[in-house]
Amino acid sequence: MRRLVRSVVTSATILALLATPVAAQAADPFDPYLDQEIAWGPCLFTPVEGMRPTECALVTVPRDWAAPDAGVDLRVSVSRAKATGERLGAILLNPGGPGGQGTSLAGFLAALQPAVNQRYDFIGMDPRGTGQEGGTAPEQLGLVCEIPTGRLSTRTDLDARDRSRESITEHQKAPRAIAEACQSEALTRYVTTWQTAHDMELIRRLLGDPTLNYVGYSYGTWLGAKYASLFPASTGKMVLDSSVNWQGRLQAAFEAFPMIGQRQLDDVYLPWTARQFPEIVGDTPAEAARTWEQARAYAKTVGISGDTYDGVFVGMGSEIRWLLATLLFTLAAQEMNGESPGAGVPETLRTELDGLARAEYGVPLAELTVRTISAEAPDDYVTFPLTRAAVACGDQPTRSATWYRNLSDRQGPRYPLFGWAYGISEPCAFWSDPPRQTLPNLPAEVASKILVVQAEFDPQTGYEQARAAVRAAPGVSMVSVDDATFHGQYAVDGNPCVDGMVNVFLLHNSRPSDATCPGLPLPGETEVYPVAGPVKRDNRTLDPAARLSAESLPELREAVRERIALVNPGQPVR
């Protein structure tokens with residue numbers, strides 16, 4: 001009957017309707033979702049010892065905030081580590097990605113920053129598309145793109161340094177298949193930063209807070225900045241740690257991986273190996289670089305492809321990633337020279353490397369071989385995390401496969417670690433769907449609420465990306481961490497200078513102007529060896545007493561840092 005009535009509406013009626021002034025704006029899209037209560041209960045993930053107790057809940061959100069009355073809803077998982085004292089509000093957390101689950105992050109950061117947790121609820125979130133952290137039921141799993149196995153390369157010896165047409169074609173099979181598989185999934189077009197930012201605004205309203213405070217790492221800086229751009233009136237204090245250029249292109253952060261990875265390898269990692277393992281790799285950075293190349297060639301003879309070897313050293317954003325790479329490097333160097341594994345390893349690192357060998361490969365360091373590592377290398381996947389591709393390629397217009405191939409040709413000679421591989425392994429090169437919404441840049445009125453924290457030699461989000469965002473948003477301030485080389489600084493590095501500045505901002509609303517903090521020593525070392533880089537030299541050193549205080553809960557810190565590093569590895573797809 002309704003369809004029949006519509007069919008007989010006259011042209012006169014239409015003209016009358018068009019001439020009638022609109023009495024009110026369209027209904028608030030959040031209104032239909034505000035009558036739900038957050039029903040806190042047990043979380044699905046297994047707590048790590050030392051974490052603060054957390055509780056979890058599911059929040060109902062529309063599939064599409066652009067058409068919330070379409071009648072199709074999704075559910076997003078959130079967590080809470082309640083304030084232990086007089087509550088000032090809530091701080092929403094995001095570990096990065098795109099695609100990182102963040103519900104466990106609330107308990108981690110609450111334990112690492114108890115003074116902040118005294119005044120704030122820490123709120124974790126598993127963004128749409130990522131499922132429920134710890135869940136095993138089908139409806140609790142993150143969305144994946146199913147890749148037909150016949151679309152993937154069957155070669156196990158891929159090396160992006162091989163610039164033959166056949167090699168490049170083989171490399172491009174995986175990213176092409178990923179893009180096509182992900183775009184064929186019905187929910188892909190609804191898994192974007194624009195949609196997730198609206199989910200965040202609903203969570204703020206359900207919490208009953210006038211503004212939303214936020215701490216985000218890596219991609220989480222993009223998400224936080226875009227939330228502030230879309231909802232400036234709702235924006236509270238925001239800490240953006242390990243930042244992308246949220247005033248530019250998100251894809252540019254991935255395109256910078258070859259440069260920042262090569263810089264970390266050449267300027268920080270290889271000099272460190274020369275100091276720590278002179279008997280194995282040589283006692284100068286130049287000798288260590290030659291040994292690294294020789295070890296690469298040896299690893300290829302025992303089953304580790306050139307791409308796989310390189311990938312181990314790409315995105316070494318945590319101490320665990322750093323030491324796993326060191327296991328492979330030193331072991332290959334020793335084997336090719338007929339030396340016993342573990343010989344020449346300093347006592348300061350022997351226990352850590354032995355424990356890592358046992359945990360990752362099931363044997364002590366003295367029994368580990370490169371073939372053992374080769375056997376444990378991950379198989380070529382038949383699924384790919386949908387959220388990573390949907391957000392990275394769907395937030396903004398992408399560039400063509402030809403553009404990315406040319407990028408590979410330009411970056412390879414300058415940054416051979418990952419420059420040859422990146423441009424021919426990026427799924428966004430084959431993404432054809434245009435973005436459905438436009439993401440605005442940060443408005444001037446919220447700039448005073450933003451604090452960026454950035455390590456100088458972060459191998460996953462480059463210092464230049466963070467600096468470009470700050471320069472394009474006058475009024476935002478930035479804390480640079482001189483000589484720091486890991487991904488994620490606030491709360492997870494144990495740096496009292498960084499934590500102190502951020503905590504004063506969160507607790508006392510006193511944001512520092514642009515400042516520089518000294519970094520911490522690398523694994524196995526007790527002093528910082530300065531490296532020339534984009535941060536102006538800071539001659540201060542950290543007070544030993546402050547260092548000891550900040551280094552409490554080291555296992556908890558490294559566990560959460562490893563989670564942050566793992567959701568944005570940047571390694572080549574195969």
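Along the sequence shown, residues are numbered consecutively beginning with 1. All heavy atoms count here, side chains included; hydrogens, waters and symmetry mates do not.
Under the 2.5 Å SG-SG cutoff, C43 and C56 qualify as a close cysteine pair.
Ring centroids of Y33 and W65 are separated by less than 6.0 Å, placing the two rings close together. Taking the centre of each ring, Y227 and H198 stay at or above the 6.0 Å mark. Aromatic ring centroids of F313 and W292 lie under 6.0 Å apart.
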(message) Go through it in stages, so that I can follow the logic: the residues are I168 and R405, the test is side chain to side chain contact (heavy atoms under 4.5 Å, CB included), and I'd like the CA-CA distance, side-chain angles, deciding distance and then a yes or no.
(response) CA-CA 9 Å; I168 291 172; R405 160 68 192 277; 3.3 Å; yes
(message) Using the rule given for side chain to side chain contact (heavy atoms under 4.5 Å, CB included), can you reason through W322 versus T485, listing the C-alpha separation, both sets of side-chain angles and the distance that settles it, and then say yes or no?
(response) CA-CA 10 Å; W322 184 274; T485 193; 4.1 Å; yes
(request) Under the side chain to side chain contact (heavy atoms under 4.5 Å, CB included) rule, what do Q132 and L58 come out as? Steps first, then yes or no, please. (result) CA-CA 9 Å; Q132 296 175 247; L58 293 174; 3.5 Å; yes
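Salt-bridge formation is not detected for the pair E426/R399: no Lys NZ or Arg NE/NH1/NH2 atom is positioned less than 4.0 Å from an Asp or Glu carboxylate oxygen. Between D157 and K300, no side-chain nitrogen of the basic residue sits less than 4.0 Å from a carboxylate oxygen of the acidic one, so the salt-bridge criterion is not met. Checked for salt-bridge contact, D433 and R189 miss the test: no charged N lies under 4.0 Å from a carboxylate O. Here R358 does not pair with E352 in a salt bridge; the nearest charged N to carboxylate O distance is not below 4.0 Å. Contact check on K173 versus E180 returns no salt bridge, with no Lys/Arg side-chain nitrogen under 4.0 Å from an Asp/Glu carboxylate oxygen. Using a cutoff of 4.0 Å between basic side-chain nitrogens and carboxylate oxygens, D159 and R296 are scored as salt-bridged. Checked for salt-bridge contact, R467 and E464 miss the test: no charged N lies under 4.0 Å from a carboxylate O.
Open room surrounds CZ on R75; 12 or fewer heavy atoms of other groups in view lie less than 6.0 Å from it.
In this structure, W246 CH2 and S229 OG are separated by 8.0 Å, a value rounded to the nearest 0.5 Å. To the nearest 0.5 Å, atom CG of residue D395 and atom CD of residue Q437 are 9.5 Å apart. Note: R161 CZ to S167 OG = 12.5 Å, rounded to the nearest 0.5 Å.
Side chain of E335 to backbone of A332: no donor-acceptor contact under 3.5 angstrom is found. Checked by atom type and distance alone, the side chain of Y404 never pairs as donor or acceptor with a backbone atom of S425 at under 3.5 Å.
In this structure, S77 and M125 have side chains that are not in contact, with every pair of non-hydrogen atoms separated by 4.5 Å or more. Contact check for V312 versus I373: no side-chain heavy atoms found under the 4.5 Å cut-off.
The only member of D126, T130, T54 that meets side chain to side chain donor-acceptor pair (under 3.5 Å) when paired with T103 is D126.
In this structure, Y269 and F329 have tilted ring planes: the angle between them lies in the 30° to 60° band.
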